[in-house]
**Student:** 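What follows is a single structure, and I will ask about it in a moment.
Numbers here are sequence positions counted from 1. Read the numbers this way: they start at 1 and go in the same order the structure lists the ligands and their atoms.
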Amino acid sequence: MVDVLLGLQWGDEGKGKIVDFLSDKYALVARFQGGPNAGHSLNINGKGIVLNTIPSGIFRPACKNLIGNGVVIDPVKLMIEIEKVKQYGGSTDNLYVSHKAHLIMPSHISLDAASEKAKGEAKIGSTLRGITPTYIDKTGRAGLRVGDIYTPEFKQKYQEAYDKHLKQIEFLGGDAPDAAAVDSWFAAVEQLNKLNIVNGEYFINHLINDGKNVLAEGAQGSMLDIDFGTYPYVTSSNTLSAGACTGLGVSPLKIRKVFGVFKAYCTRVGSGPFPSELNDEIGEQIRIQGNEFGATTGRPRRTGWLDLVALRYAIMLNGVTDLMMTKADVLSGFDEVKVAHQYKTNNQLIDEMPFHINNNELEPQYIGYAGWGEEIHDSTSFETLPTNFKQYISEIENSIKLPVSLISTGPQREKTILR
Ligand code: GDP
Ligand code: IMO
Ligand code: MG
């Protein structure tokens with residue numbers, strides 16, 4: 001069966017840490033969407049490593065790892081990442097790549113930059129990894145896939161796409177990729193072709209039919225979903241649990257559990273609405289205590305209180321069965337901790353996400369809870385956690401009608417409390 005783990009907010013919920021923690025129970029960890037816009041942090045033998053495209057089960061020797069058809073791959077970045085995993089003592093012998101995954105070309109990256117520049121103030125705040133132009137070519141039926149690499153038409157298809165991109169880049173006033181970037185790309189494509197390239201949908205279904213369990217690892221977060229996120233300030237893939245079916249080739253009937261990961265507060269990186277954002281000293285304190293700087297781009301993350309309206313929405317869309325709270329430790333030391341339980345707009349209180357989500361028009365309605373001074377990094381059981389923190393969790397559970405079954409209190413594997 002397949003369990004899906006995904007982020008319920010705007011990304012960076014700590015998915016990588018939890019996947020690494022859980023992956024020894026699975027035969028396969030599989031990424032189903034996104035690409036190197038993701039930055040999933042793991043802590044291996046006391047050292048931090050960020051994975052962008054490789055699934056977070058890679059440091060478990062008994063676990064296979066699949067980059068599924070729904071993922072977009074930058075061959076250059078993938079080769080660098082493989083070397084990094086080896087430097088950390090890992091092996092990529094167990095890494096498999098679907099031949100239907102699409103390739104990010106250097107000109108996709110230039111196009112991403114050109115299109116962001118042309119948007120000016122209205123820019124999305126993209127990670128500039130070429131994600132959107134690659135998905136545009138995918139849905140426009142002009143993309144290059146891993147399985148195309150060894151076909152005789154590969155160079156010609158590449159050239160056609162490249163020529164089209166150049167015209168678009170020129171139109172937008174951007175810069176074409178330099179020749180060295182193109183050379184490195186073709187060299188990396190040769191390397192990519194030597195990896196374990198598989199027919200991902202058969203690969204995963206054979207494992208499932210053999211009674212093995214799979215963990216599908218989401219990237220980004222539910223509020224960045226192309227259909228249901230804060231459009232147009234979203235990414236270009238379906239980040240929801242439904243995306244695991246199309247991004248891997250598994251039937252919805254094979255999905256068993258949906259693990260929804262959320263931070264004890266909220267963050268967002270890039271532009272776009274964020275109703276419970278704190279542009280004050282408290283927001284700054286959360287950023288510092290939580291070390292909220294992007295794992296992929298190093299940008300400071302925007303911070304705010306937990307938003308239960310958005311969380312309930314994400315839980316509904318994903319069919320979450322188990323909630324997992326991360327970065328609970330970051331909230332120690334605040335006098336008061338708040339959660340937004342409703343929004344006010346046009347003098348009306350609302351419990352549901354509206355079509356127009358605008359920071360200036362939506363006024364979050366907060367409930368404040370007494371904070372807790374105690375550090376919780378070293379707690380090993382739910383019972384020993386501070387009373388006020390347990391109260392905070394129980395208020396959240398009452399509002400969202402689902403228990404929190406895992407609490408993460410630090411970046412390391414062992415800083416995880418199961419209930
Ligand atoms: P992901 O994209 O969802 O995998 O999350 P990121 O790796 O981008 O961001 C999460 C950050 O929080 C990383 O720096 C993690 O090492 C760190 N982290 C994860 N869980 C915890 C936790 O429970 N407490 C603290 N303090 N840090 C955590
Ligand atoms: P993980 O998997 C947080 C954001 C970008 C930008 C928007 C579109 O680490 O949680 P894109 O490059 O996809 O076109 O950018 O989405 N974004 C993320 N924010 N975590 C991520 O991934 C993100 N991937 C993309 O900042 O606002
Ligand atoms: Mg991240």
**Student:** Are Lys15 and ligand 2 in contact, using a heavy-atom cut-off of under 4.0 Å?
**Tutor:**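 Lys15: in contact with ligand 2 (<4.0 Å).
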**Student:** If I consider every N, O or S atom in Asp12, which one ends up closest to the Mg ion (ligand 3)? I only need its name.
**Tutor:**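 Looking at Asp12, the N, O or S atom with the least distance to the Mg ion (ligand 3) is OD1.
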**Student:** Any atom of ligand 1 sitting under 4.0 Å from a heavy atom of Met325?
**Tutor:**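 No, that is not the case, since the closest heavy atom of the residue is not under 4.0 Å from the ligand.
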**Student:** Where does the angle between the aromatic ring planes of Tyr162 and Tyr158 fall among parallel (under 30°), tilted (30 to 60°) and perpendicular (over 60°)?
**Tutor:**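 Tyr162 and Tyr158: parallel rings.
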**Student:** Determine whether the side chain, the backbone, both or neither of Thr409 has a heavy atom under 4.0 Å from any heavy atom of ligand 1.
**Tutor:**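 Only the backbone of Thr409 comes within reach of ligand 1.
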**Student:** Once you restrict to heavy atoms under 4.0 Å, what part of Lys17 touches ligand 1? Side chain, backbone, both or neither.
**Tutor:**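 The side chain, only.
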**Student:** Look at the aromatic rings of Phe59 and Tyr88 and report parallel, tilted or perpendicular, splitting at 30° and 60°.
**Tutor:**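 Correct class here is perpendicular.
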**Student:** Should you measure from each heavy atom of Ala219, which atoms of ligand 2 turn up under 4.0 Å away?
**Tutor:**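 Under 4.0 Å from Ala219, ligand 2 has these atoms: 2 (O).
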**Student:** To check your reading of the model: name the closest protein heavy atom to atom 26 (N) of ligand 1, its residue, and the distance in Å.
**Tutor:**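 Checked against all protein heavy atoms, atom 26 (N) of ligand 1 sits closest to Asp329 OD2, 2.7 Å.
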**Student:** In terms of atom number and element, which parts of ligand 2 are under 4.0 angstrom from non-hydrogen atoms of Val269?
**Tutor:**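 Near Val269, meaning under 4.0 Å from one of its heavy atoms, ligand 2 has 3 (C), 5 (C), 19 (N), 26 (O), 27 (O).
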**Student:** Side chain, backbone, both or neither: which applies to Met324 and ligand 1 if a contact is any heavy-atom pair less than 4.0 Å apart?
**Tutor:**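 Neither part.
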**Student:** Looking only at protein heavy atoms, identify the closest one to atom 11 (C) of ligand 1 and say how far it is in Å.
**Tutor:**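 The answer is Lys327 NZ, 3.6 Å.
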**Student:** Against heavy atoms of Ser408, which atoms of ligand 1 measure under 4.0 Å?
**Tutor:**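 Result: 20 (N), 21 (C), 22 (C), 23 (O).
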**Student:** Side chains of Asn94 and Asn65: any donor to acceptor distance under 3.5 Å?
**Tutor:**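 Result is no, nothing qualifies.
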**Student:** With backbone taken as N, CA, C and O and side chain as the heavy atoms from C-beta onward, which portion of Asp12 lies under 4.0 Å from ligand 1: side chain, backbone, both, or neither?
**Tutor:**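 Both backbone and side chain of Asp12 come within 4.0 Å of ligand 1.
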**Student:** Does any N or O atom in Thr326 lie less than 3.5 angstrom from one in ligand 1, N or O only?
**Tutor:**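 By distance alone, the answer is no.
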**Student:** Below the 3.5 angstrom mark, is there an N/O of Glu13, backbone or side chain, next to an N/O of ligand 2?
**Tutor:**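 Not met; the criterion fails.
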**Student:** Identify, for atom 14 (O) of ligand 1, the protein heavy atom at the shortest distance, and state residue, atom and that distance.
**Tutor:**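 Among all protein heavy atoms, the one nearest atom 14 (O) of ligand 1 is Ser41 OG, 3.7 Å.
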**Student:** Is a donor from one side chain sitting under 3.5 angstrom from an acceptor on the other, for Asp163 and Gln159?
**Tutor:**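 Yes - a donor-acceptor pair under 3.5 Å links their side chains.
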**Student:** Does ligand 2 have any atom that is closer than 4.0 Å to a heavy atom of His40?
**Tutor:**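 Heavy atoms of His40 do come under 4.0 Å of ligand 2.
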**Student:** Going by heavy-atom distance to atom 17 (N) of ligand 2, choose the closest among Val50, Leu224, Asn52, Thr235.
**Tutor:**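 Going through Val50, Leu224, Asn52, Thr235 one by one, Leu224 has the nearest heavy atom to atom 17 (N) of ligand 2.
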**Student:** Taking the minimum heavy-atom distance to atom 5 (C) of ligand 2, which of Gly218, Gly125, Gly270 ranks first?
**Tutor:**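 Nearest heavy atom to atom 5 (C) of ligand 2 lies in Gly125.
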**Student:** Would you call Arg301-Glu292 a salt bridge at under 4.0 Å N-O?
**Tutor:**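 Yes.
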**Student:** Side-chain contact, heavy-atom cut-off 4.5 Å: Val19 with Pro55?
**Tutor:**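 Of all side-chain heavy-atom pairs linking Pro55 with Val19, none is under 4.5 Å.
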**Student:** Side chain or backbone, does Asp12 bring an N or O within less than 3.5 Å of an N or O on ligand 2?
**Tutor:**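 N/O-N/O distance under 3.5 Å: yes.
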**Student:** Is the closest basic N to carboxylate O distance between Glu83 and Lys86 below 4.0 Å?
**Tutor:**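 Result for this pair is yes, salt bridge flagged.
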**Student:** Less than 4.0 angstrom from a charged side-chain N to a carboxylate O is my criterion; do Glu352 and Arg312 meet it?
**Tutor:**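 So Glu352 does not pair with Arg312 through a salt bridge.
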**Student:** In this structure, is the centre-to-centre distance between the rings of Trp305 and Tyr265 below 6.0 Å?
**Tutor:**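 No, ring centres 6.0 Å or more apart.
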**Student:** Checking side-chain polar atoms at under 3.5 Å, does Asp112 have a donor or acceptor matched by the opposite partner on Ser126?
**Tutor:**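 Yes, a side-chain donor-acceptor pair sits under 3.5 Å.
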**Student:** Within ligand 2, which atoms have a heavy atom of Ala38 less than 4.0 Å away?
**Tutor:**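 Under 4.0 Å from Ala38, ligand 2 has these atoms: 1 (P), 2 (O), 9 (O), 22 (O).
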**Student:** For ligand 1 and Ala328, I'd like to know whether there is a polar contact (N/O to N/O, distance under 3.5 Å).
**Tutor:**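 N/O-N/O distance under 3.5 Å: no.
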**Student:** Find out whether the Lys NZ or Arg CZ of Arg419 is both under 6.0 angstrom from the six-membered ring centre of Phe382 and within 45° of the ring's axis.
**Tutor:**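 Pair Arg419/Phe382 counts as cation-pi.
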**Student:** Of all the atoms in ligand 1, which lie at a distance below 4.0 Å from a heavy atom belonging to His40?
**Tutor:**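 Every atom of ligand 1 under 4.0 Å from some heavy atom of His40: 1 (P), 2 (O), 4 (O), 7 (O).
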**Student:** Do any nitrogen or oxygen atoms of Ser236 come within less than 3.5 Å of a nitrogen or oxygen of ligand 2?
**Tutor:**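 Not met; the criterion fails.
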**Student:** Look at Asp148 together with Lys157 and state whether they make a salt bridge at an N to O cut-off of under 4.0 Å.
**Tutor:**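 Counted as a salt bridge, because a side-chain N and a carboxylate O are separated by less than 4.0 Å.
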**Student:** Salt-bridged, Lys123 to Glu116, with N to O below 4.0 Å?
**Tutor:**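 Glu116 and Lys123: not salt-bridged.
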**Student:** Would you check whether Tyr233 reaches within less than 4.0 Å of ligand 2, judged by its heavy atoms?
**Tutor:**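 It does not; every heavy atom stays at 4.0 Å or beyond.
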**Student:** Any idea which of Ala38, Gly39, Gly14, Ser56 brings a heavy atom closest to atom 8 (O) of ligand 1?
**Tutor:**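 Of the listed residues, Gly39 has the closest heavy atom.
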**Student:** Is the shortest distance from a Lys or Arg side-chain nitrogen in Asp137 or Lys164 to a carboxylate oxygen in the other one below 4.0 Å?
**Tutor:**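 Answer for the salt bridge query: yes.
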**Student:** Under 3.5 Å, is there a donor-acceptor pair linking the side chains of Tyr343 and Asp307?
**Tutor:**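 Side-chain D/A pair, Tyr343 to Asp307: present.
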**Student:** With a cutoff of 4.0 Å, is Arg299 in contact with ligand 2, counting heavy atoms of the residue only?
**Tutor:**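 In this structure, Arg299 qualifies as a contact of ligand 2 - some heavy atom is under 4.0 Å.
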**Student:** Distance only, no hydrogens: is a donor on one side chain within 3.5 Å (strictly under) of an acceptor on the other, for Ser236 and Thr132?
**Tutor:**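 Checked: Ser236/Thr132 side chains pair up, N/O donor to acceptor below 3.5 Å.
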**Student:** So which bit of Thr132 gets within less than 4.0 Å of ligand 2, heavy atoms only: side chain, backbone, both or neither?
**Tutor:**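 Side chain only; the backbone of Thr132 stays clear of ligand 2.
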**Student:** With respect to atom 1 (P) of ligand 1, which of Lys15, Gln289, Gln9 exhibits the smallest heavy-atom separation?
**Tutor:**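 Comparing heavy atoms across Lys15, Gln289, Gln9, the nearest one to atom 1 (P) of ligand 1 lies in Lys15.
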**Student:** May I ask you to check whether Asn37 and Gln220 show a side-chain donor-acceptor distance below 3.5 Å?
**Tutor:**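 Yes, side-chain donor-acceptor contact under 3.5 Å.
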**Student:** Please state whether Gly39 comes within less than 4.0 angstrom of ligand 2, counting heavy atoms only.
**Tutor:**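 Contact check Gly39 vs ligand 2: positive.
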**Student:** For the residue pair Phe154 and Trp185, does the interplanar ring angle fall in the parallel (under 30°), tilted (30 to 60°) or perpendicular (over 60°) class?
**Tutor:**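 Rings of Phe154 and Trp185: parallel, under 30°.
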**Student:** Do any nitrogen or oxygen atoms of Thr127 come within less than 3.5 Å of a nitrogen or oxygen of ligand 2?
**Tutor:**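 Yes: some nitrogen or oxygen of Thr127 is under 3.5 Å from one in ligand 2.
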**Student:** Do NZ/NE/NH1/NH2 and the carboxylate oxygens of Lys415 and Asp329 come within less than 4.0 Å?
**Tutor:**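 Salt bridge flag = no for Asp329 with Lys415.
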**Student:** Looking only at heavy atoms of Gly7, does any of them come nearer than 4.0 Å to an atom of ligand 1?
**Tutor:**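 No, Gly7 has no heavy atoms under 4.0 Å from ligand 1.
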**Student:** Determine whether the aromatic ring centres of Tyr233 and Trp10 lie less than 6.0 Å apart.
**Tutor:**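 No: the rings miss the under 6.0 Å criterion.
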**Student:** Examine Gly16 against ligand 1 and note whether any of their N/O atoms are separated by less than 3.5 Å.
**Tutor:**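 Yes; the residue has a nitrogen or oxygen that sits under 3.5 Å from a nitrogen or oxygen of the ligand.
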**Student:** If we only consider heavy atoms of Gly11, is any one of them less than 4.0 Å away from an atom in ligand 1?
**Tutor:**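 Checking ligand 1 against Gly11, which is what was asked, there is no heavy-atom contact under 4.0 Å.
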**Student:** Please write down residue, atom name and distance for the protein heavy atom closest to atom 8 (C) of ligand 2.
**Tutor:**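 Nearest protein contact, heavy atoms only, for atom 8 (C) of ligand 2 is Val234 O, 3.5 Å.
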**Student:** If you count the atoms of ligand 2 from 1 in the order shown, which ones are under 4.0 Å from a heavy atom of Trp10?
**Tutor:**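 Those of ligand 2 that fall under 4.0 Å from Trp10 are 3 (C), 19 (N).
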